[in-house]
Number of protein chains: 2
Amino acid sequence: MNSKLYRGSLETIIIKLLSENKEMYGYEITQLVKEMTLGELQITEGALYPALHKLEAKGLLDTSTRSIGNRYRKYYSLTKKGEKEKRVLFEEMAIYLNSMQLLLNPIKVK
Amino acid sequence: MNSKLYRGSLETIIIKLLSENKEMYGYEITQLVKEMTLGELQITEGALYPALHKLEAKGLLDTSTRSIGNRYRKYYSLTKKGEKEKRVLFEEMAIYLNSMQLLLNPIKVK
DNA sequence: ATTTATACCTAAGAATCTTAGGTATCATGA
DNA sequence: TCATGATACCTAAGATTCTTAGGTATAAAT
């Protein structure tokens, strides 16, 4: 289910989803991640909301709160700064994945 | 260099290297990881040694200390329990990598 | 003779998560 | 109707895993 490997990748996941969906609210993110990973990755709200608030505080995300009947949703979207950071995070992820590939599936030269 | 993505993968890396090299000592692990990842991943000793001690305490690793001249090295090797855990860790890594693939490089159906 | 590499270690603090709550609305089935 | 589950937000305490910054000591290199 949720191994400790996910530690550290939450911000990248959030940024990625927001770069493709323009606007999403927290609960929606948890559901989409669960769906996309076929139930493997279930983001807990205790991890998600602080992460969203942190990204907003860093200026990577904007929010707009909207009423849905008597309820509300807080929609998040990428700022320009967030777009820039996206490239950094993707590059880091690519390097990480490549390094893990080199370590775990090394090309046997012998 | 060292992004936070590496968090959580250290144990898996150690187990993998020990499953291929029979015996390794701490410093050797840091050097091999650095070499294999082309300098990308530099394991700090402050992370490595506590991790080795923890794996030993869990019964996944055995140690044998050997004198090399006036110095010593502490060699680590996988126990049978470590061999079993290896499969678990590899499976978790496979699931994690697959989930990240699904999230970050989704197949466009549209 | 001093610096760099080898080789082990620990402790304090930071970062990121899990767990376990809390509040409230809305829909559904017994 | 009314209890449960889904939706939707949130926080705080504690756990885990790392970084940073030390410490000790031998061997090699400059």
Side-chain angles (χ1 to χ4, degrees), chain A residues 1-15 23-35 39-58 60-61 63-76 89 92-93 96 99-100, chain B residues 1-15 23-35 39-58 60-61 63-76 89 92-93 96 99-100:
Chain A
M1 185 85 80
N2 252 7
S3 78
K4 65 186 166 183
L5 293 171
Y6 294 102
R7 267 178 186 272
S9 26
L10 182 54
E11 285 194 3
T12 304
I13 291 169
I14 292 170
I15 297 284
E23 270 198 330
M24 294 187 79
Y25 55 97
Y27 188 78
E28 188 181 14
I29 292 176
T30 66
Q31 300 308 302
L32 182 56
V33 166
K34 189 169 155 188
E35 187 190 310
E40 285 300 338
L41 179 46
Q42 312 213 11
I43 295 179
T44 60
E45 300 189 338
L48 179 68
Y49 289 114
L52 286 171
H53 300 162
K54 188 185 160 199
L55 289 172
E56 187 185 4
K58 286 203 286 182
L60 306 182
L61 302 186
T63 63
S64 71
T65 301
R66 305 213 200 115
S67 290
I68 310 291
N70 276 24
R71 304 166 70 168
Y72 74 103
R73 284 180 188 157
K74 206 165 156 187
Y75 283 88
Y76 289 88
L89 290 177
E92 283 179 356
M93 178 60 78
Y96 167 71
S99 291
M100 291 313 288
Chain B
M1 184 85 78
N2 252 8
S3 78
K4 64 186 166 183
L5 294 171
Y6 293 101
R7 267 180 184 271
S9 25
L10 183 53
E11 286 195 2
T12 304
I13 291 169
I14 291 170
I15 297 285
E23 272 198 328
M24 294 187 81
Y25 54 98
Y27 187 77
E28 188 183 13
I29 292 175
T30 66
Q31 300 307 302
L32 181 56
V33 166
K34 189 168 154 188
E35 187 190 311
E40 284 300 338
L41 178 46
Q42 311 214 12
I43 295 179
T44 60
E45 300 189 338
L48 180 68
Y49 289 114
L52 287 171
H53 300 160
K54 188 186 161 198
L55 290 172
E56 188 186 2
K58 285 202 285 182
L60 306 182
L61 302 186
T63 61
S64 71
T65 300
R66 304 210 201 118
S67 291
I68 310 290
N70 276 23
R71 303 165 72 167
Y72 74 102
R73 285 180 188 158
K74 206 165 156 187
Y75 283 88
Y76 289 87
L89 292 177
E92 283 179 356
M93 178 60 78
Y96 167 70
S99 291
M100 291 312 288

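In what follows, every chain begins at residue 1, and chains take the letters A, B, ... in the order their sequences are listed.
For the pair Ile68(B) CD1 and dT26(D) C1', the computed distance is 12 Å after rounding to whole Å. Leu48(A) places its CG atom 19 Å from the P atom of dA15(C), with the value rounded to the nearest Å. Following rounding to the nearest Å, Ile43(A) (CD1) and dT18(C) (P) show an atom-to-atom distance of 9 Å. Remark: P of dA15(C) and OH of Tyr6(B) are 19 Å apart, rounded to the nearest angstrom. Regarding Lys4(A), its NZ atom lies at a distance of 13 Å from the P atom of dT18(C), rounded to whole Å. In this entry the distance linking CD of Glu28(A) with P of dA8(D) reads 8 Å, nearest Å. To the nearest angstrom, P of dT26(D) lies 11 Å from OH of Tyr72(B). In this structure, CG of Leu52(B) is placed 11 Å from P of dC18(D), rounded to the nearest angstrom.
Here the closest non-hydrogen pair linking Tyr75(B) and Arg73(B) is OH-NH1, 3.1 Å. Shortest non-hydrogen contact noted between Met24(A) and Leu32(A) is CE-CD2, 3.5 Å. A pairwise comparison of heavy atoms in Thr63(B) and Lys74(B) identifies CG2-CE, 4.1 Å as the closest pair. Taking all atoms of both residues into account, the shortest heavy-atom contact from Glu28(B) to Glu23(B) is OE1-O, 4.2 Å. Shown here for Leu41(B) and Val33(B), the closest heavy-atom pair between the two residues is O-CG1, 3.5 Å.
Here the CE atom belonging to Met100(A) is positioned 8.5 Å from the OH atom belonging to Tyr6(B), to the nearest 0.5 angstrom. In this structure, CG in Leu89(B) is found 8.0 Å from CG in Leu60(B), a value given to the nearest 0.5 Å.
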List the atom pairs, donor and acceptor, that lie under 3.5 Å between side-chain atoms in residues 48-55 of chain B and the rest of the protein, sequence neighbours left out.
unit_1   : atom_1 : unit_2   : atom_2 : d
His53(B) : ND1    : Tyr49(B) : O      : 3.3
Lys54(B) : NZ     : Glu11(B) : OE2    : 3.2

Polar atom pairs (N or O), protein with nucleotides 4-6 of chain C, under 3.5 Å:
unit_1 : atom_1 : unit_2   : atom_2 : d
dT6(C) : OP2    : Tyr27(B) : OH     : 2.4
dT6(C) : O5'    : Tyr27(B) : OH     : 3.1
dT6(C) : O2     : Arg71(B) : NH2    : 2.2

Protein-nucleotides 10-13 of chain C N/O pairs under 3.5 Å:
unit_1  : atom_1 : unit_2   : atom_2 : d
dT10(C) : OP2    : His53(B) : ND1    : 3.4

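The number of heavy atoms from other shown groups lying within 6.0 Å of NZ (Lys58(B)) is above 12.
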